[in-house]
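Shown next, in structure tokens, is the structure this report addresses.
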Amino acid sequence: MVQITLPDRSKREFPGPVTVAEVAASIGAGLAKAALGGRVDGKLVDTSHRIDNDAALAIITPKDADGLDMIRHSTAHLLAYAVKELFPEAQVTIGPVIDNGFYYDFAYKRPFTPEDLATIEKKMAELAAMDEPVQRRVLPRDEAVAYFEAMGEHYKAEIIASIPANEDVSLYREGKFEDLCRGPHVPSTGKLKHFKLMKVAGAYWRGDHRNEMLQRVYGTAWASKEELQQYLTMLEEAEKRDHRKLGRELDLFHLDEHSPGTVFWHPKGWAVWQQVEQYMRRVYRDNGYQEVKGPQIIDKALWEKTGHWDKYRENMFTTESEKRDYALKPMNCPGHILIYKQGVKSYRDLPLRYGEFGACHRNEPTGGLHGIMRVRGFTQDDGHIFCTEDQILPECVAFTALLQRVYRDFGFTDIIYKVATRPEQRIGSDALWDKAEAALMESLKAANCEFEISPGDGAFYGPKIEYTLKDAIGRHWQCGTIQVDFSMPERLDAEYVGEDGNRHRPVMLHRAILGSLERFIGILIEEHAGALPTWLSPMQVSVLNITDAQADYCREIAQKLQKSLPNQELRVQTDLRNEKITYKIREHSMQKLPYILVAGDKEVAAGAVAVRARGNKDLGVMSLEAFVQLLSSDIAHKSVEAAPQGQ
């Protein structure tokens, strides 16, 4: 007898070995039809997998995350099948699942065209409609190498040859096509119905630029027609919001091959940057942080002490002077410890919070660069808190509350929280890790935050919380983090004098709210589709005349507006060109300005302005005082509050 335990803890008995498909059929015809695979004692398997002994089994359907991965993996094979049918000379290489889809790399004599993609996608649909069974078999490694070599699939043979000689390899066949794969896969091609090929890109064989260039075909696949359409709609919306496109249209910044991976900020883009930086500077000031500034270039010896030289050397820009090796800093933390170490610190000085708008450089590969979202030169809203072990919890509680306030002011309220716990390779005692992990989890509970656990994903020196934003169209952006570090204070010999008069190591909390300012501004641009809130908008008001007769009045209005609010200067411009007013209004509306003021003879006579708000909203004629009150209320809608101190 074989006893199967299901997720609801119910049990089913079978007279002998049983497949996943047979267990599903015994439960019901609906489940048997929906089943894509199974998870047997935690291991993901095909529906044809035979269970010989008592086991726990979960049936995988398209509703499960594992099921969606299986659909995408199998659709990658369906893509390769279609390519081989249409282009027999093409060689297949690898085809993994990626976020929201899959890709497959091919070697072929000419580039695939958009027309080719349409033809391939049509062939995929035809093959799927044939509902051919997907069948698994196992071969010894050397036999599999010979098999693929005989078919002329030299790349696939090379992959198999890299597997240890004493191992067997699994192959999956559907119709005329057979591919190397660990699996599992859906039971038949008929399960693959909702997919679309997206684009073709170049990719080096095995990711090495010294190897030949292959063609990477990207696709997406979903469990339902509705999910596929939602995703394609999201992509269309994302294209409209692309920060690179909006950066050009709104004249915010540009990127240049003379300095790849760095940003050239234009006046309007720099105005946005300044609003973000000055906002965060007030956050520092109001929440107990002391702003510091470290040097850009630091001796190699320090990076060796911290361990960064061994771990990140390939991503560091280096230079040499007078026979000494230096590196442009890729992060700010070692510099903050050197600042901390100047002078004797007492337990009464803790927690000590440093903040820096630290310019960092990392030698990212060219292929990984993406607008201002992923660059080589960036600035972090970096902070480090030096505290005692007992202060970890209150500091983390205060930080999460502060982060939530900041994100809310920037328009983000949907946050995903994850706690990354101890990895296998780590330093520090289990008791210390217990305390740090408990503090991070407790801090999120205190903020009424539901969170996920990412087992083993912490740094070698301590656990961390990752804060991920969900934007207006459902995309996720991991920005904030707080990390507990027992290692760096030890490596760089940081100390404080305790209440007992002895010397102790402080705990170092690495924290960032926005992360890279460049990346965060890119996220803001896409979140708001370029129509930034009034307080962030690079230009807040444009004053337009109808004829030359109102030019002086418009200048006077602009000057009064610039000085109308205490403690801040409004960003106001005039447009006095001899153009039709409809043309000027349209042009400024395209720049997504929050407000456009128009003055004709009637407005001059009344000492008023005609007000238009973003979105082509006509607010009518009002006095300058009334408009200032409206504008002030709009800006003040975002307020900076001081978070409670973690003391």
Side-chain angles (χ1 to χ4, degrees), residues 1-78 81 95-97 102 128 130-144 147 160 163-175 177-193 221-224 424 452-453 455-456:
M1 298 289 289
V2 173
Q3 188 178 79
I4 301 297
T5 303
L6 300 172
D8 63 359
R9 297 186 180 179
S10 64
K11 300 181 186 300
R12 287 179 175 263
E13 291 188 345
F14 298 87
V18 62
T19 66
V20 172
E22 289 168 342
V23 176
S26 75
I27 298 171
L31 183 61
K33 184 178 180 181
L36 299 179
R39 191 171 280 282
V40 178
D41 291 335
K43 181 182 178 182
L44 200 60
V45 299
D46 305 301
T47 56
S48 60
H49 177 81
R50 193 175 79 161
I51 306 170
D52 296 318
N53 303 300
D54 293 353
L57 169 65
I59 305 297
I60 303 300
T61 73
K63 295 180 180 179
D64 302 308
D66 286 333
L68 185 54
D69 279 350
M70 289 177 69
I71 287 172
R72 288 171 175 164
H73 194 177
S74 297
T75 308
H77 280 229
L78 185 67
Y81 184 5
V97 172
F102 58 90
M130 292 169 65
D131 197 22
E132 295 179 306
V134 179
Q135 299 170 317
R136 181 177 184 268
R137 67 171 176 142
V138 175
L139 289 179
R141 188 205 71 169
D142 290 345
E143 190 175 329
Y147 175 68
I160 301 171
I163 297 171
N166 59 345
E167 290 189 15
D168 292 339
V169 296
S170 60
L171 309 182
Y172 280 82
R173 172 177 289 278
E174 49 200 89
F177 178 71
E178 192 166 27
D179 201 358
L180 166 74
C181 192
R182 290 178 182 155
H185 282 279
V186 299
S188 70
T189 61
K191 302 290 185 182
L192 311 175
K193 299 176 181 178
W222 296 84
S224 69
E424 288 188 14
E452 305 171 20
I453 303 294

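In this chain, residues are counted from 1 in sequence order.
Distance CG/Asp64 to CD1/Ile59: 10.0 Å, rounded to 0.5 Å. Here the straight-line distance linking atom OG1 of Thr189 with atom NE2 of His77 works out to 13.5 Å at 0.5 Å rounding. Here the NZ atom belonging to Lys193 is positioned 12.5 Å from the OG1 atom belonging to Thr75, to the nearest 0.5 angstrom. Interatomic distance, NZ of Lys11 versus CG of Leu57, reported as 12.5 Å (0.5 Å rounding). Atom CD1 in Ile27 sits 12.5 Å away from atom CD in Glu22 (nearest 0.5 Å). Distance CD1/Ile4 to CD/Glu13: 10.0 Å, rounded to 0.5 Å.
Leu68 is not listed as a side-chain neighbour of Met70, based on a closest heavy-atom distance of 4.5 Å or more. Residues Arg12 and Gln3 have side chains not in contact (no heavy-atom distance under 4.5 Å, counting atoms from C-beta outward). For the pair Leu139/Asp168, no side-chain contact is recorded, criterion being any heavy-atom separation below 4.5 Å from C-beta on. Contact check for Asn166 versus Pro164: side-chain heavy atoms found under the 4.5 Å cut-off. Annotation: side chain of Leu171 is not in contact with side chain of Asp179 (no heavy-atom distance under 4.5 Å). Looking only at side-chain heavy atoms (C-beta outward), Arg136 and Cys181 stay at 4.5 Å or farther from each other. The side-chain heavy atoms of Pro62 and Trp222, taken from C-beta on, include no pair separated by under 4.5 Å. Side-chain contact check for Val23 versus Thr19: every heavy-atom pair is 4.5 Å or farther apart.
Pro184 pairs with exactly one of Asp69, Leu36, Leu44 by the side-chain contact (heavy atoms from CB on, under 4.5 Å) rule, that one being Leu44.
In this structure, Arg137 is positioned above the aromatic face of Tyr147, its NZ or CZ under 6.0 Å from the six-membered ring centre and within 45° of the axis.
For the pair Asp66 and Arg39, the salt-bridge criterion is met [side-chain N within less than 4.0 Å of a carboxylate O]. The pair Arg50-Asp52 counts as a salt bridge, with a side-chain nitrogen and a carboxylate oxygen less than 4.0 angstrom apart.
Judged purely by atom type and a 3.5 angstrom limit, Asp41 has no side-chain atom pairing as donor or acceptor with the backbone of Ala55. Arg141 places a side-chain N or O within donor-acceptor distance of the main-chain N or O of Ile163, the cut-off being under 3.5 Å. Between the Asp8 side chain and the Ser10 main chain, a donor and an acceptor come within less than 3.5 Å of each other.
Annotation for Gly175 and Tyr81: closest pair CA-OH, 3.5 Å, computed over non-hydrogen atoms. Residues His185 and Ser74 share a closest heavy-atom pair of ND1-OG, 2.9 Å. Closest approach of Thr47 and Pro187 over heavy atoms only: OG1-CB, 3.5 Å. In plain terms, the two heavy atoms of Ala35 and Ala24 that are nearest each other are CB-CB, 4.2 Å.
A donor atom on one side chain and an acceptor atom on the other are found under 3.5 Å apart for Ser188 and Asp131. Side chains of Asp46 and Tyr172: a donor on one and an acceptor on the other come within 3.5 Å.
Arg173 is linked by a salt bridge (charged side-chain N to carboxylate O under 4.0 Å, His left out) to Glu178, counting only residues two or more places apart in sequence or in another chain.
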Let's go through Val169 and Leu180 carefully: what are the C-alpha distance in whole Å and the side-chain angles of both, what is the deciding distance for side-chain contact (heavy atoms from CB on, under 4.5 Å) to 0.1 Å, and is it a yes or a no?
CA-CA 7 Å; Val169 296; Leu180 166 74; 4.0 Å; yes
